[in-house]
There are 2 protein chains.
Amino acid sequence: MVEQEKKPRGFIRSTRQRRVILEVLRGTNSHPTADWIYQKVRDRLPNISLGTIYRNLKTLAENGEVQELNFGSTFSRFDGNPEPHYHFYCQRCGRLFDLFEIPVDHDLTARAGNATGWKVLGHRLEFYGLCGECAKTEGQDGTETGSLQNDK
Amino acid sequence: MVEQEKKPRGFIRSTRQRRVILEVLRGTNSHPTADWIYQKVRDRLPNISLGTIYRNLKTLAENGEVQELNFGSTFSRFDGNPEPHYHFYCQRCGRLFDLFEIPVDHDLTARAGNATGWKVLGHRLEFYGLCGECAKTEGQDGTETGSLQNDK
DNA sequence: ATAAATGCAAAACTTTTGCACCCGA
DNA sequence: TCGGGTGCAAAAGTTTTGCATTTAT
């Protein structure tokens, strides 16, 4: 039950559902959940099913069109930007931000390979703390940012 | 339903269940799942319930006794070593290894704070690829490399 | 034509929770 | 004593899957 490596499909069809899912995901930088994407896509394709959302997100991730992120939660979030980059997670409001300011350090991957002798292909890096908005209100209750946290 | 910041409890009791869970987790470097821990603990406490495992793992994590890891899967793995360190995930066999060879770079956290102006408290870093054993047998069973987003 | 993709619903899995009872400090 | 902890079972939340049907190529 551990998630293994995934192999890209031979060829993948261009379906209306797949196209809309990709457009929705490319059109936000909020790193949404599958269910959030489902709700958005339903505005344009009312009959789409949640299973199709999941199947397509998996296919798109396997083909490098989107990224699946599994930081600090029981559910996945998706990133429409397939380019490797780092993230920042606000542990107060729960939002996930791109952190383009720190460039991806490919040397780090190489160093890990040299240090272990293994085939290290890449790395994932996520920062955490309080985002600008939440840092301002630090010390206050913290449950009052509820409107922001539910991206789903 | 995004996981928020957790505040340590005032004081936590030392119960038989909590003690055994911690011993089991400290006694392995395999970064096990809650269910694996449950099976192990049951050898010594046959009546323990899975709910108690989860409640204690959460409490222990909140108090800095263990770490919860959420890399690349829908379920959590736990690390009995509370000291910050990096990990390596083998995408072939699914095992998660400690990577003590690369020391934690606290400067990275500081750089992210400077770059964003936010309150960056730390970071999580995980490498992925093929471990020594799996690299040897690469290409044997149709499990291809390169499906995940590699560094370029 | 035919293999991939979809919709629907059920199932699988992981994790949380309500509640009565128990136990450690 | 008494509030935290436990066991049990049910529920919640996320993701996967079987199957008949549709659709892209």
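Just so it is clear: chains get the letters A, B, ... in the order the sequence lines come, proteins before strands, and each one is counted from 1. Predicted model, so just to flag it, every value in this text is computed and none were measured.
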Check the distance between dT16(C)'s P and Glu62(B)'s CD and give it to me in whole angstrom.
-> 10 Å
Per the under-4.0 Å heavy-atom filter, residues of residues 40-54 of chain A near DNA chain D come out as Leu50(A), Gly51(A), Tyr54(A)
Taking atom P of dT14(D) as reference, at what distance in whole Å does atom CD of Glu68(A) sit?
-> 14 Å
Indicate whether OP1 or OP2 belonging to dT14(C) is found under 4.0 Å from a side-chain N or O atom of Ser76(B).
-> no
Between Glu133(B) and Arg95(B), is there a side-chain N and carboxylate O pair less than 4.0 Å apart?
-> yes
In terms of side-chain heavy atoms of Arg55(B), which of dT15(D), dT15(C), dT6(D) is nearest?
-> dT6(D)
Step through it carefully: locate the ring centre of Tyr89(B), locate the ring centre of His31(B), and say whether they are under 6.0 Å apart.
-> no
Nearest-nucleotide pick for Arg18(A), side chain only, options being dA5(C), dT15(C), dC19(C) = dA5(C)
Can you give one letter per nucleotide of nucleotides 20-25 of chain D, 5' to 3': B if a protein heavy atom sits under 4.0 Å from the base, S if only from the sugar-phosphate, - if neither?
-> ---BBS
So, for Trp36(A) and Val24(A), which heavy atoms are closest and what is the spacing to 0.1 Å?
-> CZ3-CG1, 4.1 Å
With a 4.5 Å limit on heavy-atom distance, are the side chains of Asn70(A) and Ser73(B) in contact?
-> no
When the distance from CG of Leu60(B) to P of dG5(D) is rounded to whole Å, what number comes out?
-> 10 Å
Shortest non-hydrogen contact between Ile53(A) and Tyr38(A), atoms and distance = CG1-CD1, 3.7 Å
Can you figure out which of dT15(C), dT6(C), dT6(D) approaches the side chain of Asn56(A) most closely?
-> dT6(C)
dC23(C) phosphate, OP1 or OP2, under 4.0 Å from Gln17(B) side-chain N/O | no
Counting heavy atoms not belonging to Arg26(B), are there more than 12 under 6.0 Å from its CZ?
-> yes
Integer-rounded Å distance: dT15(C) P and Tyr38(B) OH = 14 Å
From the list Arg19(A), Glu65(A), Arg18(A), Gln17(A), side chain to side chain donor-acceptor pair (under 3.5 Å) partner of Asn56(A) resolves to Arg18(A)
Do any pairs count as a salt bridge (charged side-chain N to carboxylate O under 4.0 Å, His left out) and have a residue in residues 42-52 of chain A, sequence neighbours left out, and if so which ones?
-> Glu23(A)-Arg44(A)
Can the ring centroids of Phe100(B) and His87(B) be said to lie less than 6.0 angstrom from one another?
-> no
Give the rounded distance in Å between these two atoms: NZ of Lys58(B) and C1' of dT6(D).
-> 16 Å
Rounded to the nearest Å, what distance is computed from the CG atom of residue Asn63(A) to the C1' atom of nucleotide dA5(C)?
-> 14 Å
Would you kindly give the CD1-to-P distance between Ile37(A) and dT15(D), to the nearest whole Å?
-> 10 Å
